[in-house]
Number of protein chains: 2
Amino acid sequence: MNLVEKIKKFYKLTEKELEASAHAFKPAAIPAKTYFMEEGKVANHVGFIERGLFRSFFYDDNANDITTHFFQPGTVLISMKSFNDQVPARENIVALEDSEIYVINHEEMMELYKRVPAWRQITKDVDEMKYNDLMNRSIQLQTLTAKERYELFCQNYPEIIKRVALRHIASYLGIDIATLSRIRKKL
Amino acid sequence: MNLVEKIKKFYKLTEKELEASAHAFKPAAIPAKTYFMEEGKVANHVGFIERGLFRSFFYDDNANDITTHFFQPGTVLISMKSFNDQVPARENIVALEDSEIYVINHEEMMELYKRVPAWRQITKDVDEMKYNDLMNRSIQLQTLTAKERYELFCQNYPEIIKRVALRHIASYLGIDIATLSRIRKKL
DNA sequence: TTCTTTTTTTGACTTTTGTCAAACAATCCA
DNA sequence: TGGATTGTTTGACAAAAGTCAAAAAAAGAA
């Protein structure tokens, strides 16, 4: 199990702790278009993506669908604020492809914290990684032109470019779809 | 002491804990232009701003000074990743005005965690608030025009508008200074 | 205060990005 | 398979935003 291996590598868990961790996460097959999370609901699950692709999005004042994040294999699938604070989420998360994840619900996570205290640290580290990603994204939106943002995105997420509808990438980068189409043509 | 009152309001600390908390933070006068934090250094302090104003910034590839955040009275002055993980910071933090803050260093903070466990929660909550702010900022950069960003900024931070150089606001909003000057003229 | 330096504004112009609508292409199911 | 639907590209144009340079204004320092 990929997740356990990752954990093993960075956090020194005993065999028992590893066992408990492995059992806490249940495999789940998520068909494309399934909502992992819905706006207004409290997040009850965290997932670890084995295979597939997800995106988070919300609707702006003009009912435009705005993508805020893409979730790739090997990363944590979470509506962070909602899960951590158990408050209603502002965004949706939906599977873009048939996906396979490992899930744990909030209650089980609290249980896991008790059994394997290291999970508090793991959670903290994941949260910090997400914060960092967001900081980088914010700086890119602040300082780069549309073309530069797209080029950087292609570099950093070649897989996503291949597999995701252009309009989602456009909204994620804050670029009009027609403009992005033209930018792409030039490259 | 403002900080203690805030804490008192939201977290139920015993008198002893309040005492310990109050003693852990030392008042400090920070003259304008003083660096609270420097790029490349590990953050050793967290501050709580009583009076004054700070900004964080970094230099981009073209040596442009890019403002990433303004810190107002009543908020926490921190280079979050650097302080939390004790790794070198990527940004500078500098006082824009003569300021008064309450500071605590890393070691004392660890000590405070032991004496007053509630501080772990306080820290977590502050971190989450910062994450939220960043999320909002990111969405604004992604979805709003330069004019809309400026208008929203004026609404949300009327104090900052009055007191900070326009070029810092321009870089914070990701707008050219000449463009922002024109936007402002129209309003 | 006066001189210097820094910051902001402005003009003339260019480039980037967005808008609208239509054509085209791809995808989805029934 | 074949409409129907959804997504992408394109053209013609408009609006937004950036660039460069100079002037004006403001802030700092001696």
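In what follows, every chain begins at residue 1, and chains take the letters A, B, ... in the order their sequences are listed. Values below: every heavy atom of this structure, side chains too, minus hydrogens, waters and symmetry copies. Quantities reported herein were computed from a predicted structural model and do not represent experimental measurements.
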Kindly say whether A:E97 contributes a backbone atom to a donor-acceptor pair with the side chain of A:S99 at under 3.5 angstrom?
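Here the side-chain-to-backbone pair exists.
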Give a yes or no on whether the backbone of A:N92 and the side-chain of A:S56 come within a donor-acceptor separation of less than 3.5 Å.
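Answer holds: no.
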Note: B:E38-B:K41 ion pair, threshold 4.0 Å (strictly below)
yes
Taking only residues two or more places apart in sequence or in another chain, which ones pass ring pair (Phe, Tyr, Trp, His ring centres under 6.0 Å) with [X]?
X: A:H69; value: A:F71
X: A:F58; value: none
X: B:H168; value: none

Can you classify the ring geometry of A:Y131 versus B:Y131 as parallel (below 30°), tilted (30 to 60°) or perpendicular (above 60°)?
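Judged by the thresholds at 30° and 60°, the geometry between A:Y131 and B:Y131 is tilted.
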Residue list, side-chain hydrogen bond (donor to acceptor under 3.5 Å, both in side chains) with B:E111, at least two apart or on another chain:
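Once residues adjacent in sequence are excluded, B:E111 has no partner under the side-chain hydrogen bond (donor to acceptor under 3.5 Å, both in side chains) criterion.
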Using a 4.0 Å cut-off on heavy atoms, which residues in residues 57-73 of chain B reach DNA chain D? List them by number, or say none.
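Contacts with DNA chain D under 4.0 Å: none.
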Identify which one of A:E91, A:R55, A:R167 satisfies the side-chain hydrogen bond (donor to acceptor under 3.5 Å, both in side chains) criterion when paired with A:T67.
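Only one option passes, and that is A:R55.
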Do B:Y102 and B:V126 sit in one hydrophobic cluster, given that two such residues count as connected whenever their side-chain heavy atoms are within less than 4.5 Å of each other, even indirectly?
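Looking at the clustering, B:V126 is in the same group as B:Y102.
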Can you list the other members of the hydrophobic cluster that holds A:L141, where links are side-chain heavy atoms under 4.5 angstrom apart?
B:L141
Under a single-linkage rule joining Ile, Leu, Val, Met, Phe, Trp and Tyr whose side-chain heavy atoms are separated by less than 4.5 Å, which residues share a cluster with B:V164?
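Result for B:V164 is B:L53, B:F70, B:L96, B:Y150, B:F153, B:Y157, B:I160, B:I161, B:L166, B:I169, B:Y172, B:L173, B:I175, B:I177, B:L180, B:I183, B:L187.
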Within residues 141-162 of chain B or reaching into it, pairs that qualify as salt bridge (Lys or Arg N to Asp or Glu O under 4.0 Å) - sequence neighbours excluded
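Qualifying pairs: B:E159-B:K162, B:E159-B:R163.
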Covered region of DNA chain C, 5' end to 3' end, by chain B [heavy atoms, under 4.0 Å]:
C:dT7 to C:dA12
Scoring nucleotides 25-30 of chain D by protein non-hydrogen atoms under 4.0 Å (B base, S sugar-phosphate only, - none) yields ------
Summarise protein proximity over nucleotides 7-20 of chain D in one line of letters, 5' to 3': B for base, S for sugar-phosphate only, - for none, counting protein heavy atoms closer than 4.0 Å.
SSBBBB----SBB-
Heavy-atom count check: over 12 atoms from other residues, nucleotides or ligands less than 6.0 Å from A:K26 NZ?
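Yes, NZ of A:K26 has more than 12 neighbouring heavy atoms, counting only those of other groups under 6.0 Å.
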Terminal axes of the helix from C:dT1-D:dA30 to C:dA30-D:dT1 (five pairs each): angle between them, nearest 10 degrees
50°
Looking at B:V94, B:T75, B:I49, which one forms a side-chain contact (heavy atoms from CB on, under 4.5 Å) with B:F54?
B:I49
